[in-house]
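Report on one structure; see the data block that follows.
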Amino acid sequence: MPPVDKPITSPDFARFKSEGRKIAVLTAYDYTMARLLDEANVDCLLVGDTLGMVVQGHDTTLRVTLDQMIYHLEMVARGTKRALVVGDLPFGSYQVSIEQAMLSATRFLKETQCGAVKVEGGRRMAATVHALVEAGIPVMGHVGLTPQSVRSLGGFKVQRDEEAILADALAIDEAGAFAIVLECIPSELAAKISSQVQAATIGIGAGVGCDGQVLVTPDLLGLFQGFRPKFVRRYSDLGTEVRKAAAAFVADVQSGNFPNPSESFR
Ligand code: KIV
């Protein structure tokens, strides 16, 4: 599929879906990585609240704040020319009321160059998604395993209540989301949802029948050394490369082999 040469916007997702052009989404948290991923023609960079786990080192996403998300969103947007940048509203920044969601989402759009926001939750978030969309804020939904609800779900587990998950996806679609992340649900259910909703579905642990796929970039690159879910495909082993490079630097410093004359000023 030829890459798109102009900046991707949220309405493009509907076109990609209707053309059967699969959508590639990765997470990003800083300028340098955003530039590399954008240059590799990734369609959408999600500044996810996985920030709390893969950058901050917490065991859930719950501690991430709105100000931290804005700090990282700004850096990612600055490094991105083509991909749609989506900002994940963190836990506690939109569940209190529609007004709170509106204030948080408008901060994302006013203080950064992001093109859309993401919220977790199905039927219970439908009125909020509708209000945001009505206010001109493109929304990516997220149903199935919603990590901000990890305490009530009892852990990061595959979600199998097919009736509830379908109802959640249909409610968010009806509310006007341009895309919906389907996380950790059976593949057949994800394919069924994808065929019933207008929004583009973006799967993570949801099989190949989605309109696109997302992975957490440090997982894909083999940089994150913590728990590795079954759905993660490692495309590289940068963790090993980083350790090797750092160990070689240590050895060169200790032996006096770094810096050499060509790396020094006269
Ligand atoms: O926060 C995140 O990175 C996400 C993706 C895993 C979809 O929500």
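The basis for the numbers below is simple: all heavy atoms, side chains too, and nothing from hydrogens, waters or symmetry mates. Both counts, for ligands and for their atoms, begin at 1 and track the order of listing. None of these values were measured; they are calculated from a predicted model.
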Tell me, which pairs form a side chain to side chain donor-acceptor pair (under 3.5 Å) where one or both residues lie in residues 168-187, sequence neighbours left out?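 Applying side chain to side chain donor-acceptor pair (under 3.5 Å) to every pair that reaches into residues 168-187, excluding sequence neighbours, yields Arg123-Asp168, His142-Glu183.
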What are the atoms of ligand 1, with element, lying closer than 4.0 Å to any heavy atom of [X]?
X	value
His142	8 (O)
Asp88	1 (O), 2 (C), 8 (O)
Thr27	3 (O)
Gly48	1 (O), 2 (C), 3 (O)
Ile204	6 (C)

Considering only the protein, which heavy-atom contact is closest to atom 5 (C) of ligand 1, and what is its distance?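 Its nearest protein heavy-atom neighbour is Leu46 CD2, 3.7 Å.
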Report yes if [X] has an N/O atom closer than 3.5 Å to an N/O atom of ligand 1; otherwise report no.
X	result
Lys118	yes
Asp49	yes
Glu183	no
Thr50	yes

May I have the list of side-chain donor-acceptor pairs in residues 200-219 shorter than 3.5 Å, sequence neighbours left out?
{"from": "Thr201", "atom 1": "OG1", "to": "Ser194", "atom 2": "OG", "distance (Å)": "2.7"}
{"from": "Thr201", "atom 1": "OG1", "to": "Asp211", "atom 2": "N", "distance (Å)": "3.0"}
{"from": "Thr201", "atom 1": "OG1", "to": "Asp211", "atom 2": "OD2", "distance (Å)": "3.1"}
{"from": "Asp211", "atom 1": "OD2", "to": "Lys17", "atom 2": "NZ", "distance (Å)": "2.8"}
{"from": "Asp211", "atom 1": "OD2", "to": "Thr201", "atom 2": "N", "distance (Å)": "2.8"}
{"from": "Gln213", "atom 1": "NE2", "to": "Gly207", "atom 2": "O", "distance (Å)": "2.9"}
{"from": "Thr217", "atom 1": "OG1", "to": "Thr27", "atom 2": "N", "distance (Å)": "3.4"}
{"from": "Thr217", "atom 1": "OG1", "to": "Thr27", "atom 2": "O", "distance (Å)": "2.5"}

Can we say Asp12 and Arg15 salt-bridge, meaning some charged N sits less than 4.0 Å from an Asp/Glu carboxylate O?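 Here Asp12 pairs with Arg15 in a salt bridge, since their nearest N and O are under 4.0 Å apart.
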Thinking salt bridges, do Arg78 and Glu74 make one under a 4.0 Å N-O criterion?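 A salt bridge is present here (some side-chain N lies under 4.0 Å from a carboxylate O).
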Phe16 six-ring face occupied by Arg21 cation (under 6.0 Å, within 45°):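 Ring-cation test returns yes.
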Which residue is it: Leu45, Val42, Ile8? I am looking for the one with a side-chain contact (heavy atoms from CB on, under 4.5 Å) to Arg82.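 Among Leu45, Val42, Ile8, the one meeting side-chain contact (heavy atoms from CB on, under 4.5 Å) with Arg82 is Ile8.
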I'd like to know whether Lys118 forms a side-chain contact (heavy atoms from CB on, under 4.5 Å) with Val181, so could you lay out the CA-CA distance, the side-chain angles of the two residues, the decisive distance to 0.1 Å, and finally the verdict. CA-CA 9 Å; Lys118 179 165 88 58; Val181 171; 4.0 Å; yes
